[in-house]
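Take a look at the structure set out below.
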Amino acid sequence: GAQLGKHKSDVRKAFRAGLESQRQFEDTIKLGSVGLEPGQEQLRIALVGHSYLTQESYANLNLLTKLQEKVKVVLVQNVNSEDMETHLAELRKKIFWSHSKEIFGASSQFVSDPTIVGIIYLTCFGCGTDSMIQELVSRKAREKHKPYMVVSLDEHSGEAGLVTRLEAFLDMVERRKAHEGYIPPYGKCLDRDSNAL
């Protein structure tokens, strides 16, 4: 603090604020169902993307909180590094960006996890690394018929449109889960890629 020209009381205040922010962050990534009736099963949705976007309520239009009100949210930080590395080893070429490695490794784990019923990829418009990683995750989700949605945010993104898209995605996931064993008389599915929005 002295190097920054700050008084000891300012440093203590900043440290306490940092601890509180860390506590809030850790609370958001804890796995656990909140507000469920006994016997009610909560859907598990994975929210993937750069943590500075998935965790920052101002930047993501409070998306994480809105999701947590309706479903159990699993984040990239909930996947251990060994599982990530296992999925990264399946790639023919290495990913160079460290955070993108985490996003792809965790997303691959979510795709193969039967308890995760859908994946939402949160990205900033114009993010170069996301444009490539998102496509790799999309292909993996399609292969496993896992519901998948990309939410691209920029300075023109509106909260109302985001809420509408989230509700539509969650409705689709719930309908799919409810009718999972239903096979229509015209075949198993008309479009093998119909699970990707």
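Here the structure is a predicted model, which means the values were calculated and not measured.
The two residues Gly1 and Val11 have their closest heavy-atom pair at CA-CG2, 3.5 Å. In terms of heavy-atom proximity, Phe110 sits nearest to Val74 at CE2-CG1, 3.4 Å. Scanning all heavy atoms of the two residues, the minimum distance from Gln42 to Val71 falls at NE2-C, 3.1 Å. Closest non-hydrogen pair, Cys124 versus Ser152, comes out as C-OG, 4.2 Å.
Side-chain contact between Ile45 and Leu170: present, with at least one pair of heavy atoms (C-beta onward) separated by less than 4.5 Å. Taking 4.5 Å as the limit, every side-chain heavy atom of Val150 sits out of range of all side-chain heavy atoms of Val137.
A salt bridge does not link Arg16 to Glu20: none of the charged side-chain nitrogens sits closer than 4.0 Å to a carboxylate oxygen. Ion pair Glu135/Lys140 not flagged as a salt bridge, since none of the NZ, NE, NH1 or NH2 atoms sits closer than 4.0 Å to an Asp/Glu carboxylate oxygen.
The side-chain hydrogen bond (donor to acceptor under 3.5 Å, both in side chains) search around Arg12 returns none, not counting sequence neighbours. Under the side-chain hydrogen bond (donor to acceptor under 3.5 Å, both in side chains) criterion, Glu167 pairs with no residue at all, not counting sequence neighbours. When the side-chain hydrogen bond (donor to acceptor under 3.5 Å, both in side chains) test is applied to Thr65, the partners found at least two apart in sequence or on another chain are Asn62.
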Audit row: Glu143, Val111, side-chain contact (heavy atoms from CB on, under 4.5 Å) steps and yes/no: CA-CA 9 Å; Glu143 286 172 11; Val111 165; over 6 Å; no
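Rounded to the nearest 0.5 Å, atoms NZ (Lys72) and CG (Leu43) are 11.0 Å apart. Taken to the nearest 0.5 Å, the CG atom of Leu153 stands 7.5 Å off from the CG atom of Leu63. Distance check: Ile133 CD1 to Ser138 OG gives 12.5 Å after rounding to the nearest 0.5 Å. The CZ atom of Phe169 lies 9.0 Å from the CG atom of Leu67; values are rounded to the nearest 0.5 Å.
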Could you go through residues 94-104 and list every donor-acceptor pair under 3.5 Å that involves a side-chain atom there, pairing it with any protein atom two or more places apart or in another chain?
none

For residues 114-123, which side-chain N or O atoms pair as donor and acceptor with protein atoms under 3.5 Å away, sequence neighbours left out?
{"unit_1": "Thr115", "atom_1": "OG1", "unit_2": "Arg44", "atom_2": "NH1", "d": "2.4"}
{"unit_1": "Thr115", "atom_1": "OG1", "unit_2": "Asp113", "atom_2": "OD1", "d": "2.7"}
{"unit_1": "Thr115", "atom_1": "OG1", "unit_2": "Asp113", "atom_2": "OD2", "d": "3.2"}
{"unit_1": "Tyr121", "atom_1": "OH", "unit_2": "Asp130", "atom_2": "OD1", "d": "3.0"}
{"unit_1": "Thr123", "atom_1": "OG1", "unit_2": "Asp130", "atom_2": "OD2", "d": "2.7"}

Would you list the atom pairs, donor with acceptor, under 3.5 Å between side chains in residues 81-88 and any protein atom, with sequence neighbours excluded?
{"unit_1": "Asp83", "atom_1": "OD2", "unit_2": "Asn80", "atom_2": "ND2", "d": "3.4"}
{"unit_1": "Thr86", "atom_1": "OG1", "unit_2": "Glu82", "atom_2": "O", "d": "2.9"}
{"unit_1": "His87", "atom_1": "NE2", "unit_2": "Gln109", "atom_2": "OE1", "d": "2.9"}

